[in-house]
Amino acid sequence: MTDTQELKEKVSWVTDDAMEKLARRHRSERRFKRLGLSAIVIALVMLATLLVSIIGRGYTAFIQTTITLDVTFSEAIIDPKGARDHKTLKAASYRTLIREALRKEFPDVSTRKDLRALFGLISKGAVQEFRDLVISDPDLIGTTSSVELTASDDIDMFSKGYISRNVSEEDRRVKDIEIKWFDQLQSNNAIQTVFNKRFFTGGDSREPEVAGIMGALVGSLYTLLITFIISFPIGLMSAIYLEEFAPKNKITVLIEVNINNLAAVPSIVYGLLGVALFLNVAHMPRSAPLVGGLTLALMTLPTIIIAARASIRAVPDSIRNAALALGASKQQSVFHHVLPLSMPGILTGTIIGLSQALGETAPLLMIGMVAFIVDIPGGVTDPATVLPVQIFLWADSPERAFVEKTSGAIIVLLGFLVFMNAIAVLLRKKFERRW
Amino acid sequence: MSILPLIILLLAMCATGYWYGSKKALSAPLPVRYLSSGNPHQFGLFVVVWGVLPPAMLFILWLVFSFLPIDADGSIAQQIDKVVFPALIMLGAAAGLYMAIREINPKLRVRKSLERCVYAALLLASTLSVFTTVGIVLSLLFETIQFFEKVPYSEFFLALDWSPQTAMRADQVGSSGSFGAVPLFTGTMLITFIAMIVAVPLGLMSAIYMTEYASRRFRATVKPILEILAGIPTVVYGFFAALTVGVFFRDVGTAIGLDVVTESALAAGVVMGMMIIPFISSLSDDVIMAVPQNLRDASYGLGATKSETVLKVIIPAALPGIVGAILLAMSRAIGETMIVVMAAGFAANLTANPLEAVTTVTVQIVGLLVGDQEFDSAKTLAAFALALTLFVITLCLNVIALLVVRKYREKYD
Amino acid sequence: MLAKDMNTVYNDTKSIISAKDVSVFYGEKRALKSVSLDIPENQITALIGPSGCGKSTFLRCLNRMNDTIENCRVEGNITVDGQDIYAPHVDEVLLRARVGMVFQKANPFPKSIYDNVAYAPRIHGLAKNKDELDDIVLASLEKAGLLDEVKDLLNESGTGLSGGQQQRLCIARALAVQPDIILMDEPCSALDPIATAKVEELIEELRKNYTIIIVTHSMQQAARISQKTAFFHLGEIVEIGETEQLFTSPNDKRTQGYITGRFG
């Protein structure tokens with residue numbers, strides 16, 4: 001016992017040396033803690049930067065600059081024969097009417113070049129709006145009234161302040177003369193900013209000011225629908241089998257390992273599987289939500305299975321035993337008791353899987369959902385695109401105005417994801433059970 | 001005959017079968033009925049199953065048939081498609097229903113056979129994942145073999161020059177394209193490396209702070225916010241990398257006199273790292289949480305500070321799990337597509353300089369497959385060879401990671 | 001009141017720890033209600049009582065292990081060697097070096113036996129070089145009566161030992177910092193009788209140099225090894241006394257009920 005006694009005397013906690021050592025340890029402790037906190041702060045700052053940069057760029061996509069002009073609905077141009085039938089009204093040259101109205105507003109513009117610039121103030125898509133207006137109300141023909149026309153993307157960008165006046169003219173998309181016209185229109189109160197309805201109701205377009213996300217949204221919806229119809233029942237059934245019925249043998253282990261690995265296979269590989277299986281072997285139509293949905297279903301399946309298994313596993317055995325003791329068969333105990341109890345968790349997992357699928361881009365590029373499609377798809381076999389791919393396409397477009405539209409579309413996509421995740425969180429909160 | 005009326009008709013037949021089946025079961029003499037293994041509802045379902053199974057199988061055959069490219073006489077094929085199969089399906093349903101109803105008697109162990117059907121369906125569903133893997137491997141392998149018939153292995157894996165664009169005419173210069181994938185592999189490695197340098201310290205330190213230092217309230221607030229990073233679609237990261245981060249690094253570079261391209265590997269790597277932070281932090285969070293509390297108690301009880309406990313006890317104990325998490329994150333970074341497609345370059349560039357543009361395996365797969373696909377040209381097939389390589393690499397990383405993590409779990413469970 | 005009376009009677013040895021009106025709250029729940037207790041130096045004090053009576057909570061107050069539990073609040077006054085250990089300037093790290101602890105479940109680090117014992121001297125910087133560290137490790141193992149069994153296994157993992165050996169390793173690990181006081185939270189509850197006997201023997205031996213406070217479920221154990229016993233019930237101390245006296249002629253009905261096995 002003497003040795004310990006001996007050692008005991010060596011330890012002294014109050015010498016200067018010991019105090020110094022202790023202070024050093026505490027300093028490094030504080031340093032370490034600060035390090036951890038700063039890691040979190042850095043990550044949060046990154047997230048904030050991303051969100052701020054997207055929202056800051058994108059919120060203006062929801063408003064649109066318009067130019068109000070007094071337009072004469074000249075009968076001679078629209079409907080010289082006075083037939084008022086749909087075909088004539090549809091084929092009429094509304095562009096001429098808009099040009100006439102612009103000439104009237106700026107009578108002193110004469111050179112060819114200036115005229116082209118002048119006509120460029122109004123979006124090419126305005127013709128379409130104009131036609132719809134006349135077709136819906138043919139009584140306008142022959143009258144003169146002021147009409148709100150969508151401004152071209154450059155004017156829109158200028159009005160929103162993305163194009164600066166202070167830049168020298170040759171580096172500026174909007175020339176001096178256009179600015180002069182713009183100022184004149186503004187002093188006449190002809191420039192307005194309105195809610196950009198078309199952004200939500202329109203399909204894609206080469207003209208940023210009339211491009212909308214409706215086509216992509218509907219495409220996403222169809223794709224997600226297919227994904228859900230395929231992946232949910234199959235995922236659920238796999239989970240039930242693996243968790244409740246699977247014998248503990250090599251085949252089960254193989255299936256389990258396989259599912260875990262599938263969950264980590266890069267999404268682009270699923271895209272290639274889609275190309276090879278659904279397009280080359282099954283000859284399904286390219287660019288269709290059907291193929292996209294099937295591809296994403298295969299991708300989402302592991303996520304759903306893993307979540308569903310965890311949820312089923314969380315139901316305690318006492319529930320199963322109680323059911324079995326009452327004379328229920330194994331399957332009855334599962335379908336009558338375990339499954340209803342684990343359903344909230346399974347649905348939460350499914351929603352999370354689907355929200356991943358909603359944001360997925362790469363595999364859909366592979367199966368050709370990347371085409372330029374103006375029409376809003378009417379079914380799961382129509383060519384379509386989806387919201388993330390639309391974002392990718394717009395991000396690739398050179399026009400300045402598409403940056404704003406891209407960010408706007410991202411805000412909408414993030415909105416949907418937040419919505420889906422909120423539902424998942426609510427489900428979990430409401431039905432969460434502690435056994 | 002189109003599908004919808006067919007389905008309605010089938011449903012009607014099954015409903016009748018259910019009604020008749022359950023009625024017939026009810027009509028059995030009472031004592032027998034109660035001792036038999038099944039109630040009328042189950043007898044009804046039994047009939048329905050037999051009414052649905054044969055048509056379902058025929059329907060699958062029909063699908064296979066209609067998607068098969070049959071070059072033979074179109075009219076016959078169409079006849080079969082439009083008339084023969086619907087008729088067969090109806091016949092199958094009718095036969096199935098009839099057989100089932102005839103089978104019904106009180107001694108029939110109807111619950112057992114129903115459950116056997118359910119069991120088979122469940123088993124079938126769970127094997128789909130295996131078929132998915134087989135599908136991936138076969139589809140990639142098939143095209144890859146074709147690719148290597150045109151391009152030798154040695155070129156693909158060892159040559160340094162990648163320019164897959166084949167010329168229109170055979171006699172033009174570079175008509176065959178060159179398929180040395182080394183620059184793609186190095187580019188992928190460079191970007192992945194940058195991403196890991198960003199994500200591992202940040203993710204790991206946040207996990208440590210969250211588990212060891214943060215109050216419950218802090219954790220409950222900040223953890224979900226951090227996990228938003230994992231929920232943001234990659235296309236959004238790509239846009240952010242290309243438009244904000246890339247430009248920012250270029251401007252900073254210009255300011256300090258460095259030549260940084262907008263599509264630098266650095267921008268793509270940093271943003272990819274940002275995406276992976278929550279991945280590493282939540283996985284490490286799990287493994288750190290799994291370290292038993294009594295190890296912490298022991299260390300604190302001996303007068304260790306928190307950081308000493310973390311660095312000398314918890315991290316060493318959790319190390320296998322953390323390594324697994326890092327491997328999984330790495331495999332995710334290697335397979336990530338959209339960020340690099342939007343923010344990294346398309347031109348193959350053999351460099352280790354993070355300020356230059358590099359291209360990656362995934363970027364090239366997208367580049368080769370978006371647009372026209374000709375399945376006889378080496379260009380399109382190269383995408384499959386690249387994808388197979390990608391698949392094998394990520395698979396190895398995943399398998400190793402899963403094994404390491406499982407070993408770790410076993411230690412403390 | 002009662003505690004004070006008892007103390008005056010048994011004040012022949014100097015008390016090293018003195019707790020006054022200690023209350024512990026877990027959130028809203030009050031786990032310990034105004035407990036006062038003096039611990040005599042170089043003796044073994046046993047804390048007994050039914051599950052959930054607060055004896056482990058009290059033990060964890062003595063080296064501020066409760067600090068590691070969120071929502072846990074300690075009120076009252078505890079002094080070690082006359083120093084208030086909850087005073088703001090007191091360093092819990094230093095405190096825990098002086099007041100060692102052995103836990104209910106043996107918890108060796110998943111490291112080698114040597115590293116387990118060397119852990120605390122290393123973090124506290126007690127050894128100037130490898131030789132000194134070796135000395136401390138060997139001396140501690142020796143003191144814990146484990147050296148002969150593990151001499152050749154110093155580089156094997158500590159988790160590979162038997163349950164009793166693991167617990168003695170944990171004791172050796174605690175001894176390596178040269179504490180004055182060792183807290184033991186049911187150190188034998190997971191051990192078989194033979195291993196228990198060995199650990200008890202060791203505790204008995206350690207008493208010469210250390211003050212030991214042991215929480216135990218086993219009244220026989222308390223009777224066998226302790227000099228002083230405190231009986232806890234529902235977060236309060238019901239009775240404190242010399243072990244022999246407490247077990248043979250308890251003053252309180254509840255104590256009598258517990259030691260005769262009527263509840264608990």
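Side chains are part of it too, since the values below use all heavy atoms of this structure and drop only hydrogens, waters and symmetry mates. Throughout, protein chains are lettered first and strands after them, A, B, ... in sequence-line order, and every chain is numbered starting at 1.
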A.B. asks: Indicate the atoms forming the closest heavy-atom contact of B:N398 with A:V265, along with that distance.
C.D. replies: ND2-N, 4.4 Å
A.B. asks: Which atoms of A:L301 are under 4.5 Å from chain B, going by heavy atoms: the side chain, the backbone, both sets, or neither?
C.D. replies: side chain
A.B. asks: Please flag which part of A:L277 lies under 4.5 Å from any non-hydrogen atom of chain B: side chain, backbone, both or neither.
C.D. replies: neither
A.B. asks: Checking heavy atoms, do the side chain of A:I42, its backbone, both or neither come under 4.5 Å from chain B?
C.D. replies: side chain
A.B. asks: Specify the closest pair of heavy atoms between A:P388 and B:V235, including all atoms of both residues, with the distance to one decimal.
C.D. replies: O-CG2, 3.6 Å
A.B. asks: Go through the atoms of B:I277 and report whether side chain, backbone, both or neither lie under 4.5 Å from a heavy atom of chain A.
C.D. replies: side chain
A.B. asks: Looking only at side chains, do A:R31 and B:S307 share a donor and an acceptor under 3.5 Å apart?
C.D. replies: no
A.B. asks: Check A:S238 against B:A125 and note the closest heavy-atom contact, atom names and distance.
C.D. replies: OG-O, 3.2 Å
A.B. asks: Would you please test B:M210 and A:I40 for side-chain contact (heavy atoms from CB on, under 4.5 Å) and show each step?
C.D. replies: CA-CA 9 Å; B:M210 290 285 188; A:I40 292 179; 3.8 Å; yes
A.B. asks: Find the one option among A:Q356, A:M46, A:K330 whose heavy-atom pairs under 4.5 Å with chain B are most numerous.
C.D. replies: A:M46
A.B. asks: With heavy-atom distances below 4.5 Å as the criterion, would you say the side chains of B:P233 and A:L413 are in contact?
C.D. replies: yes
A.B. asks: Please state whether the side chain, the backbone, both or neither of A:S53 comes within less than 4.5 Å of a heavy atom of chain B.
C.D. replies: side chain
A.B. asks: Report which part of B:L311 has an atom under 4.5 Å of a heavy atom belonging to chain A: side chain, backbone, both, or neither.
C.D. replies: side chain
A.B. asks: Of the non-hydrogen atoms in A:L242 and B:S126, which two are nearest, and what is the gap between them?
C.D. replies: CG-CB, 4.5 Å
A.B. asks: Given a strict heavy-atom distance threshold of 4.5 Å, which part of A:L35 is in contact with chain B: side chain, backbone, both, or neither?
C.D. replies: both
A.B. asks: Under a 4.5 Å cutoff for heavy-atom pairs, which residue among A:I352, A:L262, A:L298 has the most contacts with chain B?
C.D. replies: A:L262
A.B. asks: What part of B:A121 lies closer than 4.5 angstrom to a heavy atom of chain A: side chain, backbone, both or neither?
C.D. replies: both
A.B. asks: Using non-hydrogen atoms only, which part of B:A304 is less than 4.5 Å away from chain A: side chain, backbone, both, or neither?
C.D. replies: backbone
A.B. asks: Does any backbone or side-chain atom of B:L243 lie under 4.5 Å from a heavy atom of chain A? Answer side chain, backbone, both or neither.
C.D. replies: both
A.B. asks: Could you grab the distance from atom OG of A:S38 to atom OH of B:Y209, nearest 0.5 Å is fine?
C.D. replies: 10.0 Å
A.B. asks: Would you mind checking which part of A:V403 comes under 4.5 Å of any heavy atom in chain B, side chain (CB onward), backbone (N, CA, C, O), both or neither?
C.D. replies: both
A.B. asks: Atom OG1 of B:T127 and atom CD1 of A:I251: how far apart are they, to the nearest 0.5 Å?
C.D. replies: 10.5 Å
A.B. asks: For the residue pair B:Y119 and A:Y241, categorise the inter-ring angle as parallel (less than 30°), tilted (30 to 60°) or perpendicular (more than 60°).
C.D. replies: perpendicular
A.B. asks: Do you know which of A:L236, A:V269, A:L51 has the most heavy-atom pairs with chain B at a distance under 4.5 angstrom?
C.D. replies: A:V269
A.B. asks: Are B:L124 and A:M237 close enough, and set up right, to give a side-chain contact (heavy atoms from CB on, under 4.5 Å), and what steps lead you there?
C.D. replies: CA-CA 9 Å; B:L124 203 66; A:M237 283 160 77; over 6 Å; no
A.B. asks: Given that the side chain runs from C-beta out, which part of B:T305 has a heavy atom under 4.5 Å from chain A: side chain, backbone, both or neither?
C.D. replies: both
A.B. asks: Measuring only between side-chain heavy atoms, which start at C-beta, is A:I54 closer than 4.5 Å to B:F239?
C.D. replies: yes
A.B. asks: Count the heavy atoms belonging to other residues, nucleotides or ligands that lie under 6.0 Å from OH of A:Y162, then report whether that count exceeds 12.
C.D. replies: yes
A.B. asks: So which part of B:V399 gets closer than 4.5 Å to some heavy atom of chain A, the side chain, the backbone, both or neither?
C.D. replies: both
A.B. asks: Could you look at A:R30 and say if it's the side chain, the backbone, both or neither that has a heavy atom under 4.5 Å from chain B?
C.D. replies: neither
A.B. asks: May I ask you to name which of B:R332, B:E308, B:E212 has the most heavy-atom pairs under 4.5 Å with chain A?
C.D. replies: B:E308
A.B. asks: Looking at side-chain heavy atoms only, is the closest gap between A:L273 and B:T132 below 4.5 Å?
C.D. replies: yes
A.B. asks: Do other residues, nucleotides or ligands put more than 12 heavy atoms under 6.0 Å from B:F218 CZ?
C.D. replies: yes
A.B. asks: For chain A, find which of B:I365, B:L226, B:L123 contributes the most heavy-atom pairs closer than 4.5 angstrom.
C.D. replies: B:L123
A.B. asks: Please determine whether the number of non-hydrogen atoms from other residues, nucleotides or ligands lying under 6.0 Å from atom CZ of B:F346 exceeds 12.
C.D. replies: yes
A.B. asks: Would one find more than 12 heavy atoms of other residues, nucleotides or ligands at under 6.0 Å from atom CZ of A:F245?
C.D. replies: yes
A.B. asks: Search all heavy atoms of A:M366 against all heavy atoms of B:V366 and return the closest pair with its distance.
C.D. replies: CE-CA, 3.6 Å
A.B. asks: I want to check something: taking the side chain as every heavy atom from C-beta on, are B:S129 and A:I255 in contact at a cut-off of under 4.5 Å?
C.D. replies: yes
A.B. asks: Does any non-hydrogen side-chain atom of B:Y213 lie less than 4.5 Å from one of A:L37?
C.D. replies: no
A.B. asks: For residues B:M338 and A:L365, determine if any side-chain heavy atom of one lies less than 4.5 Å from a side-chain heavy atom of the other.
C.D. replies: yes
A.B. asks: For side-chain contact (heavy atoms from CB on, under 4.5 Å), just list the numbers for A:L47 and B:I232, CA-CA rounded to whole Å, side-chain angles, deciding distance to a tenth of an Å, and then say yes or no.
C.D. replies: CA-CA 10 Å; A:L47 175 66; B:I232 292 176; 3.9 Å; yes
A.B. asks: So, the side chain of A:N260 versus the backbone of B:L402: is there a donor-acceptor pair under 3.5 Å, distance only?
C.D. replies: no
A.B. asks: Tell me, yes or no, whether the heavy-atom count around A:L254 atom CG, taken from other residues, nucleotides or ligands under 6.0 Å, exceeds 12.
C.D. replies: yes
A.B. asks: Roughly how far, to the nearest 0.5 Å, is CD1 of A:I268 from OG1 of B:T362?
C.D. replies: 5.5 Å
A.B. asks: Quick check: do A:F335 and B:V118 have side-chain heavy atoms less than 4.5 Å from each other?
C.D. replies: yes
A.B. asks: Please report the interatomic distance CG(A:L44) to CD1(B:I228), rounded to the nearest 0.5 Å.
C.D. replies: 9.0 Å
A.B. asks: Quick one: do B:K306 and A:E29 satisfy salt bridge (charged side-chain N to carboxylate O under 4.0 Å, His left out)? Show the steps, please.
C.D. replies: CA-CA 7 Å; B:K306 271 199 172 169; A:E29 162 73 17; over 6 Å; no
A.B. asks: Checking A:T49 against chain B: side chain, backbone, both or neither under 4.5 Å from a heavy atom?
C.D. replies: both
A.B. asks: One pair to check against side-chain contact (heavy atoms from CB on, under 4.5 Å): A:E244 and B:L122. What are the steps and the verdict?
C.D. replies: CA-CA 10 Å; A:E244 297 286 343; B:L122 295 178; over 6 Å; no
A.B. asks: Specify the closest pair of heavy atoms between A:G36 and B:M205, including all atoms of both residues, with the distance to one decimal.
C.D. replies: N-CE, 3.4 Å
A.B. asks: May I ask you to test the B:F240-A:I410 pair for a side-chain heavy-atom distance under 4.5 Å?
C.D. replies: no
A.B. asks: Just how far is it from atom CG of A:L50 to atom OG1 of B:T244, taken to the nearest 0.5 Å?
C.D. replies: 7.5 Å
A.B. asks: Checking A:L272 against chain B: side chain, backbone, both or neither under 4.5 Å from a heavy atom?
C.D. replies: both
A.B. asks: Which bit of B:L128 is near chain A, if near means a heavy-atom gap under 4.5 Å: side chain, backbone, both or neither?
C.D. replies: side chain
A.B. asks: Against chain A, label B:I208 side chain, backbone, both or neither, depending on which of its atoms sit under 4.5 Å from a heavy atom there.
C.D. replies: side chain
A.B. asks: Chain A heavy atoms under 4.5 Å from B:V245: which part of the residue, side chain, backbone, both or neither?
C.D. replies: neither
A.B. asks: Measure the spacing between CD of B:E115 and CD of A:Q331 and express it to the nearest 0.5 Å.
C.D. replies: 4.0 Å
